[in-house]
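Lettering of chains follows the sequences in order, A, B, ..., and the numbering in each one begins at 1.
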Protein chains: 2
Amino acid sequence: MKQVEEILKRNHLSVTDSRQKIMQFFLNSKGALAHADIEKKTGENFDRVTVYRTLQSFVEKGIIHLIPTKDNSIKYALCKDDCEAGHHHDNHVHFICDECSKTICLDDVTVPQVKLPKGFTPQHAEMVVNGICGDCK
Amino acid sequence: MKQVEEILKRNHLSVTDSRQKIMQFFLNSKGALAHADIEKKTGENFDRVTVYRTLQSFVEKGIIHLIPTKDNSIKYALCKDDCEAGHHHDNHVHFICDECSKTICLDDVTVPQVKLPKGFTPQHAEMVVNGICGDCK
DNA sequence: AGTAAATTTGCAACAATGATGCGAAAATTT
DNA sequence: AAATTTTCGCATCATTGTTGCAAATTTACT
Ligand SMILES: [Mn+2]
Ligand SMILES: [Mn+2]
Ligand SMILES: [Zn+2]
Ligand SMILES: [Zn+2]
């Protein structure tokens, strides 16, 4: 059984053409992807709505995760941690290159804990670092 | 001279009605504000475009800063660090309450440094913590 | 204070992004 | 292979953000 098919089945998603192609596109990509990347750069011609719904279900199943940005653009990347449906537990740092503007998961760099002021109860923390990536230096 | 007027003049912005009102709204607010908050909750009736342009110029002048979120919503808050036009240097942690969904600048909590893999050169880091705020607990 | 110059505002128009309802198509189950 | 369930693609709509331009306002100048 092909890898993409296996991933979809394991996550209780029916195996459709769009899902297979989009999942393969994630597997082939180094960095994170935006909706527009998938719509335009897959070579395929999926409906915009199909792409939205596919990404949504991947997120729900814990297959991909969102990456926070300042510029109102959503980026998605494969979860390499063992996320479950309805509950992600990625806690790695993300890097955004100011040169090539690629967004990269630093899977081995965990988000450090910080001491919060009295009264605040932390649940989850995200960290995004900007700078120059290895390829651009 | 009124406080808002003083702030605008200091940042080389002409003192207009919208700018004064929006700046005052920031000064009165505890947490961060979204575009929609300003458009709807000021009581005033600014044109959408005016609000966009006002926020843009405040960001450019280093008066307010952006806060990254996962859900594609931009939040703005007053800079309490000494930011300059074209170059912000806020480096405090932000807290988003899962209950009341307020976004709060933790001005006294600085973003910790992390060790990045070889090749990556950091420039700036952002950290956002989710959880329950003091008011909601 | 009064006028000219510069800046900002509001409107219209447009583009991009995202959500929803629904019948047709495809995938899964029996 | 037929029935059932799920997904897809299209049409339609809502929200968010941008741009050009004339009118209004603010600032600079005499
Ligand atoms: Mn990641
Ligand atoms: Mn802040
Ligand atoms: Zn790069
Ligand atoms: Zn709260």
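Below the 3.5 angstrom threshold, one finds a donor paired with an acceptor across the side chain of B/Arg53 and the base of C/dG10.
Counted within 6.0 Å of CD on A/Glu5, heavy atoms from surrounding residues, nucleotides or ligands total more than 12; the atom is thus considered enclosed. The 12-atom threshold is not exceeded at CG of A/Asp108, counting heavy atoms of other residues, nucleotides or ligands nearer than 6.0 Å. Residue B/Asp71 places its CG atom among more than 12 non-hydrogen atoms of other residues, nucleotides or ligands, all under 6.0 Å distant.
Both B/Thr54 and A/Tyr52 lie close to DNA chain C; mapped to their nearest nucleotides by heavy-atom distance, the more 5′-ward contact belongs to B/Thr54. Ranked by how close their nearest DNA chain D nucleotide is to the 5' end, B/Asp17 and B/Gln56 are led by B/Gln56. Residue-to-nucleotide proximity on DNA chain C shows that, of B/Arg48 and B/Ser18, the 5′-proximal contact is made by B/Ser18.
Atom pair A/Asn72:CG and D/dT15:P shows a separation of 16 Å (rounding to whole Å applied). Atom-to-atom, CG of A/Leu8 to C1' of C/dT28 comes out at 14 Å; the value is rounded to the nearest Å. Remark: C1' of D/dT15 and CG of B/Asp71 are 14 Å apart, rounded to the nearest angstrom. Distance, B/Glu39 CD to D/dT15 P: 11 Å, rounded to whole Å. Rounding to whole angstrom units, CD of residue A/Glu60 and P of D/dT7 are separated by 11 Å. Rounded to whole Å, atom P of D/dC8 lies 13 Å from atom CD of A/Glu44. Put simply, CE on B/Met23 is 16 Å from C1' on C/dT8, counting in whole angstrom units. Going from atom CG of A/Asp47 over to atom C1' of C/dA19 covers 13 Å, rounded to whole Å.
Side-chain contact between A/Leu13 and A/Lys61 is present, with heavy atoms from C-beta onward closer than 4.5 Å. Put simply, the side chain of A/Phe26 reaches to within 4.5 Å of the side chain of A/Leu55, judged on heavy atoms.
Checking C/dT28, C/dA12, D/dT27 against the side-chain heavy atoms of A/Ser14 singles out C/dT28 as nearest.
The end-to-end axis angle of the helix from C/dA1-D/dT30 to C/dT30-D/dA1, rounded to 10 degrees and based on five pairs per end, is 40°.
A perpendicular orientation is assigned to the rings of A/His65 and A/His92, their planes being inclined by more than 60° (bins at 30° and 60°).
Of the listed residues (B/Thr50, B/Asn45, B/Val51), just one forms a side chain to side chain contact (heavy atoms under 4.5 Å, CB included) with B/Asp47, and that residue is B/Thr50.
The phosphate of D/dT7 (OP1 or OP2) has no side-chain N or O of A/Thr16 nearer than 4.0 angstrom.
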